[in-house]
Amino acid sequence: MCSYSTEFTDNAWDAMYDAVDSTFFKDKEADSIYNFLRIKLRFVSFGDYLKRYIYRNAGLDKPFTDVTIKEYQEVIKYSFSDNHTPCSFEPTTAKLSALSKNWLTQQTVRRKVVFLLGFGLSMSVEDVNEFLKKGLREHGINAKDPFEVICWYCYKNHYGYLKFESLWETFCSMPIDKSFEQFGFSELTVGARDTIKNIHSESALLSFVSKLKTPNDRPKLSVTARKCFDELFDQAKAVVARMYNEEEERLHEEEVSQYISRLMSNERISDEELRVRIAKKKEQRKIYTAEEITESDLENIISSAIPKDRHGNLTPSKASKLNAQFAGKRFSRQHISDILSGKAEVTRFDLITLNFFIYSQKDELCSNAKNRYNEFYNSTNRILKKCYLGELCISNPYECFIQMCILTQDPLGTYADVWEMSYE
């Protein structure tokens, strides 16, 4: 798995370097990035990763480009049969032939499909993690999700689907541990990951996942990622407040200047009264604080170029010509609210976008795009690694887009321009 994911990554780096080093990029940054995303950067779909994986592991004796979808389906069919793996974790009337064709041709799939393929294709823990991170562009196996932990245990010990099914049935029949609230929301993801490394028996596994069981089987959210999000969100609100204050000061100065001109033309006003009125007018400027900034303010700044409907909501993403590349990557007020209320998990996209916004407004880095890029790149990777979300992935179109924008003279302006072009 690592070899061909590296191939995709190397190709993406080469393509990006060619784009940013061109004369056209320096003259028209937003146009260059938009054309690069639409034409030059190959979008690596989940189906592409799956076909490459099967090709490398099935030992097919013909060129990769000559292998048909039908042949890949046959490999999946026989492998699933040999490994006693059903075509779904849930009861379904769908046939494996139809499902496997979807897996091989779709841009993305549900997360559970990767875990099912893990059993059906006898994947290792490393393979499954690579598919989650590179194929789905999501985080690796979640050490706080009992379903994923049980799958992990089976992959690690080379157990098949039937063993997973037995362990899962045992877990489902277990009562909820009343201490789940203390464990689930105070235990950091890094702590949970360290704990599962020491699980070497079924009893230890079941003891651990019993602490993860919650009402409605809702997985625990990542404490580490949420803490990082909150820190970045607070920084972003401070940046927005500063932007508002700078704009307010500019407008206020214009207003004060016009006000003074009107006063000066009134000969009946004494010098003392003139000074008092001007001083009072200057004090009327609105001062924003970070605490006043809302989710809507963040949406209005970061997603400013995305059209809105008559209700003030962002236009459906399918209207964007870059929807395939940017699916699920719009920074909306509803998404932020869901994270803050605990309804949604923090994703790598949330952390990357917030950090990009913060670095795009760092005045001390505005004179040197290369230094800004290096600092943003290293800072973002530190955050992602801390949350066990993997480093920036250049073959991910959105993450490549972010890195190209940070290299421009006006990162946030370029970011907005490209989004705007995609809706034209």
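Only heavy atoms go into these numbers, but all of them, side chains included; no hydrogens, no water, no symmetry mates.
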For Ser207, does its backbone N or O pair with a side-chain atom of Ser210 as donor and acceptor, under 3.5 Å?
yes
In Å, rounded to the nearest 0.5 Å, how long is the span from NZ of Lys211 to CG of Leu206?
11.0 Å
Does Glu71 form a salt bridge (charged side-chain N to carboxylate O under 4.0 Å, His left out) with Lys62? I'd like the steps, not just the answer.
CA-CA 11 Å; Glu71 289 174 288; Lys62 60 168 60 179; 3.0 Å; yes
Hits for side chain to side chain donor-acceptor pair (under 3.5 Å) against Tyr415, two or more places apart or cross-chain, chain-then-number order -> Tyr398, Trp419
Should Glu375 and Lys362 count as an ion pair when the cut-off is N to O under 4.0 Å?
no
Run Thr414 and Asp417 through side chain to side chain donor-acceptor pair (under 3.5 Å) and show every step you take.
CA-CA 5 Å; Thr414 304; Asp417 288 344; 5.4 Å; no
Would you verify whether the NZ or CZ of Lys101 falls within 45 degrees of the ring axis of Tyr72 while also being under 6.0 Å from that six-membered ring's centre?
no
So, Asp309 and Thr315: side-chain donor and acceptor under 3.5 Å apart, yes or no?
no
If you define the side chain from C-beta out and look only at heavy atoms, does anything of Lys51 sit under 4.5 Å from Val67?
no
Determine whether Arg226 and Ile339 satisfy the following criterion, side-chain contact (heavy atoms from CB on, under 4.5 Å), listing intermediate values before the conclusion.
CA-CA 8 Å; Arg226 176 58 193 271; Ile339 291 175; 4.3 Å; yes
Distance, nearest 0.5 Å, that separates OG of Ser360 from CG of Leu412
4.5 Å
Salt bridge present between Arg242 and Glu246 (N-O < 4.0 angstrom)
yes
Can we say Glu399 and Arg348 salt-bridge, meaning some charged N sits less than 4.0 Å from an Asp/Glu carboxylate O?
yes
For the residue pair Lys386 and Cys228, what are the closest heavy atoms and their distance?
CD-SG, 4.0 Å
Does the side chain of Asn83 pick up a donor-acceptor pair with the side chain of Tyr161 at under 3.5 Å?
no
In Å and rounded to the nearest 0.5 Å, what is the NZ to CD1 distance from Lys156 to Ile141?
11.5 Å
Looking only at non-hydrogen atoms, find the nearest pair between Ser304 and Asn300 and report the distance.
CB-O, 3.0 Å
Do Arg372's NZ or CZ and the ring of Tyr359 fall within the cation-pi criteria of under 6.0 Å and 45°?
no
Can you tell if the side chain of Ile76 reaches within under 4.5 Å of the side chain of Leu104, non-hydrogen atoms only?
yes
Show the nearest heavy-atom pair for residues Ala369 and Leu407, with the distance to one decimal.
CB-O, 3.3 Å
Does atom OH (Tyr78) have a neighbourhood of more than 12 heavy atoms from anything else shown, all under 6.0 Å?
no
Quick one: closest heavy-atom pair of Lys385 and Glu391, and the distance?
CD-OE2, 3.3 Å
Stepwise, does the side-chain contact (heavy atoms from CB on, under 4.5 Å) test hold for Leu340 with Phe229?
CA-CA 9 Å; Leu340 296 176; Phe229 177 88; 3.9 Å; yes
Quick one, Gln403 with Tyr377, criterion side chain to side chain donor-acceptor pair (under 3.5 Å). Give me CA distance, side-chain angles, the key distance, then yes/no.
CA-CA 8 Å; Gln403 292 181 66; Tyr377 183 83; 5.4 Å; no
Donor-acceptor contact present, side-chain Ser32 to main-chain Lys28, <3.5 Å
yes
From Phe89, Tyr153, Tyr159, residue fulfilling ring-ring contact (aromatic ring centres under 6.0 Å, His included) relative to Phe164
Phe89
Return yes if some donor-acceptor pair links the side-chain N/O of Ser303 with the main-chain N/O of Ile306 below 3.5 Å, else return no.
no
In sequence, state the C-alpha distance, the side-chain angles, and the governing distance for Asp297 and Thr294, and then conclude on side chain to side chain donor-acceptor pair (under 3.5 Å).
CA-CA 5 Å; Asp297 292 311; Thr294 66; 3.1 Å; yes
If the test is ring-ring contact (aromatic ring centres under 6.0 Å, His included), which one of Phe46, Tyr155, Trp103, Phe115 qualifies with Phe131?
Phe46
Rounded to the nearest 0.5 Å, the CG atom of Asn245 sits from the CD1 atom of Ile287 at a distance of 5.0 Å
May I have the step-by-step check of salt bridge (charged side-chain N to carboxylate O under 4.0 Å, His left out) for Lys163 and Glu202, ending in yes or no?
CA-CA 11 Å; Lys163 183 64 174 181; Glu202 288 184 26; 2.3 Å; yes
Could you please spell out the steps behind the side-chain contact (heavy atoms from CB on, under 4.5 Å) verdict for Ser45 and Asp48?
CA-CA 5 Å; Ser45 68; Asp48 291 329; 3.2 Å; yes
I'd like to check Thr105 versus Ile69 (side-chain heavy atoms, cut-off strictly below 4.5 Å). Are they in contact?
yes
So, taking the atom named OG in Ser97 and the one named CD in Glu74, what distance separates them when rounded to the nearest 0.5 Å?
9.5 Å
For Ser166, is there any backbone N or O sitting under 3.5 Å from a side-chain donor or acceptor partner on Thr170?
yes
Say you draw a straight line from CG of Leu392 to CD1 of Ile383; how long is it, rounded to the nearest 0.5 Å?
9.5 Å
Without swapping roles, check the side chain of Asn313 against the backbone of Lys308 for a donor-acceptor pair under 3.5 Å.
no
Quick check: closest heavy atoms across Cys151 and Phe119, and the distance to 0.1 Å?
SG-CE1, 3.7 Å
Phe326 six-ring centre to Lys329 NZ/CZ under 6.0 Å and within 45° of normal
no
Do the charged groups of Arg333 and Glu299 touch, with an N to O distance under 4.0 Å?
yes
For the backbone of Leu322 and the side chain of Ser422, can you confirm whether one donor and one acceptor N or O come within less than 3.5 Å of each other?
no
Taking every non-hydrogen atom, the tightest pair across Leu314 and Ser332:
CD1-CB, 3.9 Å
Carefully, step by step, assess Ile402 and Phe376 under the rule side-chain contact (heavy atoms from CB on, under 4.5 Å).
CA-CA 10 Å; Ile402 287 287; Phe376 163 77; 3.5 Å; yes
Under the side chain to side chain donor-acceptor pair (under 3.5 Å) rule, what do Asp350 and His335 come out as? Steps first, then yes or no, please.
CA-CA 9 Å; Asp350 301 315; His335 179 65; 2.6 Å; yes
With no hydrogens and no angle check, is any side-chain donor or acceptor of Asn35 less than 3.5 Å from a backbone partner on Asp31?
yes
